[in-house]
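Quick one: structure below, then a few questions.
Whatever order the structure lists them in is the order used to number ligands and atoms, beginning at 1. Every heavy atom of this structure was used, including side-chain atoms; hydrogens, water molecules and symmetry mates were not.
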Amino acid sequence: MIANINDTRLSFVDEGQGQPILLVHGFPLSRAIWQPQIEALSKYFRVIAPDLRGHGESEAPDGVYDMNIFANDLEALLEARQCGPVVLVGHSMGGYISFDFYRRYTQKVRGLVLFCTRAGADSEEGKASRENLAQRAEREGAAAVAEQMLPKMLAAATTSSRPDLVAQVRQIMLATSIYGMAGALRGMAARPSSVDLLPKIAAPTLVIAGTGDLIIPTQEAEAMARAIPNAQLRLISKAGHLASLENASEVNAILQNFLVSLA
Ligand code: MLT
């Protein structure tokens, strides 16, 4: 489906009925990373999964995509779909967006799932490498960014044993527009730290991390879970940064249990 949200055409799915769950993908990806979850969870819940602006099948305006711009898109999409409070699931950059969403639209979050993500801001070095990568996207196109990021996206064992999944993730990345890549990279570099928010999170929270995540070490997920009152932590075996695809059955079972516990 397509909706015009904040003057931008966003592509999304809205499937199933019951407790709404909003799946927010990371960078430079699309809702395709949630396909196994959309299929499994929409049997029991209402699942809304957008392609963020600049990603997947959504429109890609020029400019810096600050995390609050993405969060405003999500809020406007929920309004357009007449959707009440959601269980918000944010993968990586989707988690950075979820922190901003939670800060400003607290009442719209019934539960929070922080999925292969972190609360801290970028270091100065991290910001500089984001800018380099943004310029590389503008100069050389999406493929250059995809090739640079691909080796870190999946656990080492997934990369060596599942060429089909490697090819699928490459295709997902290549669908991201150059504007989307540059805009999101600059937006992530500018994001503030959300570490101060963690002890104030009152929504039931689940932290999920892949044991083989090469981008966000599990120790970071563990520390984040400790900082959030009553958060649960689940580590996904046989998975890296894209646990939703690498070990979909374990992720589906964990999400389903969490959603049922909130019902
Ligand atoms: C993502 O998956 O969204 C990115 O790897 C996050 C990041 O680069 O910080």
In ligand 1, which numbered atoms sit nearer than 4.0 Å to a non-hydrogen atom of Gly26?
-> 3 (O)

Parallel, tilted or perpendicular: which describes the rings of His55 and Phe27, with under 30° parallel and over 60° perpendicular?
->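 Because their plane-to-plane angle is over 60°, the rings of His55 and Phe27 count as perpendicular.
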
Contact check: Met93 vs ligand 1, nitrogen or oxygen atoms, below 3.5 angstrom | yes

Under the side chain to side chain donor-acceptor pair (under 3.5 Å) rule, what do Arg53 and Thr8 come out as? Steps first, then yes or no, please.
-> CA-CA 7 Å; Arg53 58 172 60 213; Thr8 306; 3.3 Å; yes

Solution key, residues 253-263 side-chain donor-acceptor pairs under 3.5 Å, sequence neighbours excluded:
{"residue": "Ser261", "atom": "OG", "partner": "Phe258", "partner atom": "O", "Å": "2.6"}

Between OG of Ser98 and CG of Leu22, what distance do you get to the nearest 0.5 Å?
-> 7.5 Å

Side chain of Asp66, backbone of Ile69: donor and acceptor closer than 3.5 Å?
->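 No, because the side chain of Asp66 does not come within donor-acceptor range (under 3.5 Å) of the backbone of Ile69.
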
If we number the atoms of ligand 1 from 1 as shown, the ones under 4.0 Å from a heavy atom of Met149 are 5 (O)

Atoms of ligand 1 close to Ile215 [distance to a heavy atom under 4.0 angstrom, numbered from 1] | 5 (O)

Could I get the full list of side-chain hydrogen bond (donor to acceptor under 3.5 Å, both in side chains) partners for Arg226, not counting sequence neighbours?
-> none

Ligand 1 to Phe27 polar contact by distance, N or O atoms, under 3.5 Å = yes

Tell me, which protein residue and heavy-atom name are nearest atom 9 (O) of ligand 1, and how many Å apart are they?
-> Tyr96 OH, 2.6 Å

Heavy-atom distances under 4.0 Å are what count here, so tell me which part of His25 touches ligand 1: side chain, backbone, both or neither.
->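 Under 4.0 Å from ligand 1, His25 contributes no heavy atoms.
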
Taking atom 6 (C) of ligand 1 as the reference point, the nearest protein heavy atom with its distance =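 Ranked first by proximity to atom 6 (C) of ligand 1 is Ser92 OG, 3.1 Å.
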
Rounded distance (nearest 0.5 Å) linking atom CD1 of Ile5 with atom OG of Ser11 |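 With rounding to 0.5 Å, CD1 (Ile5) is 11.5 Å from OG (Ser11).
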
Which one of Met188, Arg130, Arg118, His91 has a non-hydrogen atom at the shortest distance from atom 8 (O) of ligand 1?
->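 That would be Arg130.
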
